[in-house]
Each structure stands twice: as structure tokens, then as C-alpha cells.
Engineer: 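Have a look at this one.
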Number of protein chains: 2
Amino acid sequence: MSRNRQPAPEPTHGWLDGAQQRAWLAYIRVQLRMAYEMNRQLLADSGMSLPDFDVLTALGVADGGRMSITVLAAQIGWERSRVSHHVRRMSTRGLVSCGPSTTDKRVTEVTLTAGGRHALEQAAPGHVDLVRNLFFDGLPPELTGPLTEALETVYANIIRRGLLPPPVDWRPARD
Amino acid sequence: MSRNRQPAPEPTHGWLDGAQQRAWLAYIRVQLRMAYEMNRQLLADSGMSLPDFDVLTALGVADGGRMSITVLAAQIGWERSRVSHHVRRMSTRGLVSCGPSTTDKRVTEVTLTAGGRHALEQAAPGHVDLVRNLFFDGLPPELTGPLTEALETVYANIIRRGLLPPPVDWRPARD
DNA sequence: GGCGATTACGTGACATGTCACCTAAGCTAG
DNA sequence: CTAGCTTAGGTGACATGTCACGTAATCGCC
């Protein structure tokens with residue numbers, strides 16, 4: 001039986017070692033299920049999606065509850081057109097309002113409405129309860145610090161090497 | 001000025017403390033950007049989406065490259081209808097094939113095609129390179145273990161308390 | 001001032017994901 | 001054996017996200 005098959009390509013720097021594979025598998029599994037559970041709880045209890053909540057949260061801590069599309073995208077970690085589409089949808093539901101900036105005619109500013117702020121205030125406790133229940137109740141307290149440090153350094157690396165722009169208030173750590 | 005406002009509700013068990021908030025923020029930020037970067041690299045380099053890759057990966061390690069919809073959903077951490085929709089789409093692209101089980105007429109089995117396996121083999125190295133570049137190159141090696149342990153215990157908790165069923169090969173750890 | 005390059009973001013076609021509902025098959029108790 | 005309950009998953013309406021492209025505004029150099 002003739003097998004004129006090219007060998008399968010390999011990663012430039014080799015496959016992940018056993019410990020890395022295990023870490024990666026745990027990470028992938030957690031994020032898939034957490035995303036589903038968070039979205040589901042918000043839809044069921046607050047009538048909003050997780051993406052809604054992410055936008056409201058980012059605006060909720062912004063100066064004047066206002067941000068431009070680009071700033072919002074970088075803050076959350078979204079692509080700009082994703083923001084554009086989504087805030088349009090949110091504005092039809094009265095959660096945010098959109099309007100041109102007074103200082104730059106290209107810029108669109110997204111502003112949290114009173115209704116949006118109220119929706120956020122109503123949604124946040126249930127969301128936090130779920131996060132505590134599913135994530136932190138399963139996390140040994142002594143691992144919170146190492147987990148944080150691990151993810152923060154990973155995040156810094158993603159900012160450095162990834163394709164999306166950094167948040168505007170990002171200060172690169174010394175390398 | 002009259003303020004007849006109900007006080008904003010609070011979480012049943014209180015807000016997250018400072019260390020938890022910091023951990024959570026790091027986690028949320030990492031997963032949003034990692035998902036985007038992974039999807040983008042797969043689309044650009046391999047012509048497939050991250051969800052495609054997740055399905056192919058799960059089938060790639062299954063007995064005979066075959067799983068039922070329900071098993072696949074639980075393995076990945078997806079809702080069943082998500083699997084149903086997505087494998088239908090993948091099958092039109094020749095990556096998987098779907099057919100009734102011989103043992104239970106209700107069951108649909110999803111099978112990795114030769115084309116699907118080939119696509120997976122072609123895509124995996126680039127994906128691993130990206131994961132290494134963005135995630136592991138930013139992770140201090142001595143934190144791999146604690147990160148893994150943290151996420152594995154969180155995952156076990158999500159399985160226990162979340163709404164999606166566990167993977168079929170899930171063995172509950174002693175509590 | 002003018003021009004070219006860059007920036008901001010809206011748009012549309014299409015890919016993807018959720019919920020509620022439905023039909024069919026399988027299981028179990030009476 | 002039958003009926004009621006549970007399981008499996010397909011379906012559709014609609015929500016969400018990506019990429020490529022387009023227009024308009026701004027910036028900086030000559």
C-alpha cells in the first residue's frame with residue numbers, strides 16, 4: 001500500500017510539553033463553560049447578554065460614563081466593528097447612547113444612559129454571585145495570588161504581541 | 001431634590017474582595033483577547049474558525065474519531081444545539097460527517113472525515129505556535145503548576161455546580 | 001495650502017450561538 | 001402491554017461577531 005503522504009507539519013518551537021498541555025486544557029475548559037454560564041445567568045436573571053454586561057461595565061467605570069468606540073474596544077479587548085455593531089444594538093434598547101464627539105468629527109462617543117446604569121446596578125450582584133459560586137468557591141484561596149500573577153503576566157504578553165491595541169491607560173511594565 | 005430610589009441590590013455573599021477582583025479582571029481580560037487571537041490566526045492561516053478547531057480536536061482524540069452530539073457537547077462544554085448547528089455547517093465543508101447511530105435511533109454520530117483530520121493536522125502546529133507565543137511565553141514557568149491546579153479545581157467546581165452536563169469520562173474527585 | 005497617509009468607524013454579507021419548541025425514540029412503572 | 005416520563009437532537013427566529021470595504025476627518029510633510 002503506497003503512502004505518499006507528506007508528514008504532518010509541526011510547530012516551529014515544538015509541541016507543548018506535558019505540563020503546558022495540562023495547563024492549557026484546564027484553561028480552555030474553564031473559559032468555555034464560564035462564558036456559557038455567565039451569559040445564561042445574565043439572560044435569565046437580568047435580560048441582558050454577557051456582551052451587554054461587558055460594555056456596561058467598561059462604561060460604568062469611565063469618566064462621565066463615556067468612551068469612544070476605539071477606546072471601548074481596546075478596553076474590553078474587542079474588535080472595533082464588534083463594538084460598533086453591538087452598541088448600535090444596545091442603543092436601540094436604551095442602554096447606551098451614541099453621538100459624535102465635540103473635539104473630533106470622526107469619533108463616536110458611547111455614553112451610558114441612566115437606564116443602562118440602572119440595568120448594570122441590577123445585574124451586577126447576580127453576576128458576582130455566579131462568579132463567586134462557580135469560580136471562586138472552587139478556587140483554593142492560597143492559589144488566588146499565583147493565578148492572578150500568572151494571568152497578569154500572560155495578559156501583558158498578549159498586549160505586547162497580539163493584534164488588538166492596548167487599553168488607553170495601559171502602562172507597559174519594564175521588560 | 002427628592003430621591004425615592006431603591007438602593008441598588010447587593011450580592012448575596014457580598015462583593016468580591018480586592019484580591020478576587022484583581023484575579024477576575026486578569027482572567028476576563030486574558031480570555032477575551034486570547035479567543036479573538038486564536039480565532040483570527042486559525043481563519044487567516046488555516047481557513048477554519050476556532051469553533052471548527054474545537055470540534056476537530058475533540059473528535060481527533062475520540063475512539064474512531066466519532067462521538068454523539070450530546071457527548072461532543074459535554075466534552076467541549078457547549079450546548080447541544082450549538083453542536084447540532086455547527087456540525088451541520090462543518091459537514092457541508094467536508095470536515096465531519098453525521099449519521100444515525102446503529103444502537104439508538106435517536107442518536108446522531110459525528111465522525112471526523114479524512115479531510116477533517118487532515119485539516120486538523122495542518123492547523124494544529126500554527127495554533128500551538130500562537131498559544132505558545134501569546135500565552136506560555138508570557139507565563140513564568142514556575143507559575144504553570146499553580147495556574148493548572150487553580151484552573152483544574154475551578155473546572156471541577158463548574159462541573160459540579162454549572163448547568164452543562166459533565167464530560168462522559170468525568171470522574172468526580174473526592175470532596 | 002495641498003496632498004498623501006493615517007485614523008475613526010459604519011456597513012453588509014455571512015459565520016456563529018441561544019432559547020424555546022418540536023418530534024421521535026427509549027425507558028420504566030403499573 | 002401501555003402510558004407517562006425522559007432523552008436525543010433538529011429547527012427557526014433572532015442575537016452576536018468577523019472581515020473586507022467604504023467614506024469622511026485629521027495629521028504632518030513639503
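Computed from heavy atoms alone, side chains included, the values below leave out hydrogens, waters and symmetry copies. Naming convention: chains lettered A, B, ... in sequence-line order (proteins, then strands); numbering from 1 in each chain.
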Engineer: What about A/His85: does its side chain form a donor-acceptor pair under 3.5 Å with the base of C/dG12?
Structural biologist: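 Indeed there is one.
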
Engineer: Would B/Asp52 and B/Arg89 satisfy salt bridge (charged side-chain N to carboxylate O under 4.0 Å, His left out), going step by step from the backbone distance to the final call?
Structural biologist: CA-CA 9 Å; B/Asp52 288 345; B/Arg89 293 187 290 247; over 6 Å; no

Engineer: Within the 4.5 Å heavy-atom criterion, are A/Gln21 and A/Leu16 side-chain neighbours or not?
Structural biologist: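 Touching, per the 4.5 Å side-chain cut-off.
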
Engineer: Which value, rounded to the nearest 0.5 Å, describes the distance between A/Ser68 atom OG and A/Glu109 atom CD?
Structural biologist: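 A/Ser68 atom OG to A/Glu109 atom CD measures 7.0 Å (nearest 0.5 Å).
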
Engineer: What do the steps show when you test B/Ser49 against B/Asn39 for side chain to side chain donor-acceptor pair (under 3.5 Å), and what is the final call?
Structural biologist: CA-CA 6 Å; B/Ser49 65; B/Asn39 191 50; 4.8 Å; no

Engineer: Looking at side-chain heavy atoms only, is the closest gap between B/Asp137 and A/Arg161 below 4.5 Å?
Structural biologist: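 Side chain of B/Asp137 against side chain of A/Arg161, heavy atoms only: contact under 4.5 Å found.
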
Engineer: I need the full list of salt bridge (Lys or Arg N to Asp or Glu O under 4.0 Å) pairs touching residues 22-37 of chain B, with sequence neighbours left out, sorted by first then second residue.
Structural biologist: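 Sorted pair list: A/Glu152-B/Arg22.
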
Engineer: Let me check something: do B/Ile76 and A/Tyr36 share a hydrophobic cluster, defined by ILVMFWY side-chain heavy atoms less than 4.5 Å apart, either directly or through other members?
Structural biologist: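 Per the 4.5 Å side-chain linkage, B/Ile76 and A/Tyr36 are not co-clustered.
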
Engineer: Mind checking whether B/Leu139 and A/Leu151 have side chains closer than 4.5 Å, heavy atoms only?
Structural biologist: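 A side-chain contact under 4.5 Å is absent here.
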
Engineer: Quick one: what's the B/S/- string for nucleotides 23-28 of chain D, heavy-atom cutoff under 4.0 Å, read 5' to 3'?
Structural biologist: --BS--

Engineer: Counting only side-chain nitrogens and oxygens, does A/Ser84 get under 4.0 Å of the OP1 or OP2 atom of C/dC9?
Structural biologist: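 So the side chain of A/Ser84 is outside the cut-off, no N or O lying under 4.0 Å from OP1 or OP2 of C/dC9.
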
Engineer: Looking at residues 63-83 of chain A, who's got a heavy atom less than 4.0 Å off DNA chain D?
Structural biologist: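 A/Glu79, A/Ser81, A/Arg82, in order of number.
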
Engineer: Could you check whether any side-chain heavy atom of A/Leu134 comes within less than 4.5 Å of a side-chain heavy atom of A/Met34, counting everything from C-beta outward?
Structural biologist: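 SC-SC contact between A/Leu134 and A/Met34 confirmed.
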
Engineer: For the hydrophobic clusters of this structure (ILVMFWY residues joined by side-chain heavy atoms under 4.5 Å, transitively), does one cluster hold both A/Tyr27 and B/Leu25?
Structural biologist: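 No, no single cluster joins them.
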
Engineer: Atom CZ of residue position B/Arg93 - does it have more than 12 heavy atoms of other residues, nucleotides or ligands inside 6.0 Å?
Structural biologist: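 Atom CZ in B/Arg93 is packed in, count exceeds 12.
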
Engineer: For B/Arg93 and for A/Thr108, find the nucleotide of DNA chain C with the closest heavy atom, then tell me which residue's nucleotide is more 5'.
Structural biologist: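 It is A/Thr108 whose nearest nucleotide is closer to the 5' end.
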
Engineer: Can you check the A/His86 NE2 to C/dG10 P distance for me, whole Å?
Structural biologist: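 So the two atoms are 14 Å apart, to the nearest Å.
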
Engineer: Rounded to the nearest angstrom, tell me the gap between atom CG in A/Leu164 and atom P in D/dG17.
Structural biologist: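 Atom-to-atom, A/Leu164 to D/dG17, this comes out as 14 Å.
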
Engineer: Could you summarise the pairing of DNA chain C as dot-bracket text, marking Watson-Crick and G-U pairs under 3.5 Å with ( ) or [ ] inside the strand and | across strands?
Structural biologist: ||||||||||||||||||||||||||||||

Engineer: Just so I know, are the side chains of B/Asn157 and B/Arg160 near enough to count as touching, which here means a heavy-atom distance under 4.5 Å?
Structural biologist: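 Yes; the side chains approach each other to less than 4.5 Å.
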
Engineer: Please produce a list of atom pairs where a protein N or O lies less than 3.5 Å from an N or O of nucleotides 3-5 of chain D.
Structural biologist:
none

Engineer: Within the 4.5 Å heavy-atom criterion, are B/Arg66 and B/Leu112 side-chain neighbours or not?
Structural biologist: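 They are not in contact (no side-chain heavy atoms under 4.5 Å apart), so the answer is no.
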
Engineer: Quickly work out the B/Arg89 CZ to C/dT18 C1' distance and round it to whole Å.
Structural biologist: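 That distance rounds to 11 Å.
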
Engineer: Got A/Leu56 and A/Met48 here, is their nearest side-chain heavy-atom distance under 4.5 Å?
Structural biologist: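 Heavy-atom side-chain distance check passes, below 4.5 Å.
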
Engineer: Quick one, which residues of residues 28-51 of chain A touch DNA chain D with a heavy atom under 4.0 Å?
Structural biologist: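 Residues of residues 28-51 of chain A under 4.0 Å from DNA chain D: A/Ser49, A/Pro51.
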
Engineer: Look only at the side chain of B/Asp45 and the backbone of B/His127, and say whether a donor-acceptor pair between them is shorter than 3.5 Å.
Structural biologist: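 Not a single qualifying donor-acceptor pair exists.
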
Engineer: Among the clusters formed by ILVMFWY side chains lying less than 4.5 Å apart, do B/Leu163 and A/Phe135 turn up in the same one?
Structural biologist: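 Different clusters: B/Leu163 never reaches A/Phe135 through Ile, Leu, Val, Met, Phe, Trp or Tyr contacts under 4.5 Å.
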
Engineer: Hey, is the side chain of B/Arg88 poking within less than 4.0 Å of OP1 or OP2 on D/dG10, counting only N and O atoms?
Structural biologist: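 It does not, given that no N or O in the side chain of B/Arg88 lies less than 4.0 Å from OP1 or OP2 of D/dG10.
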
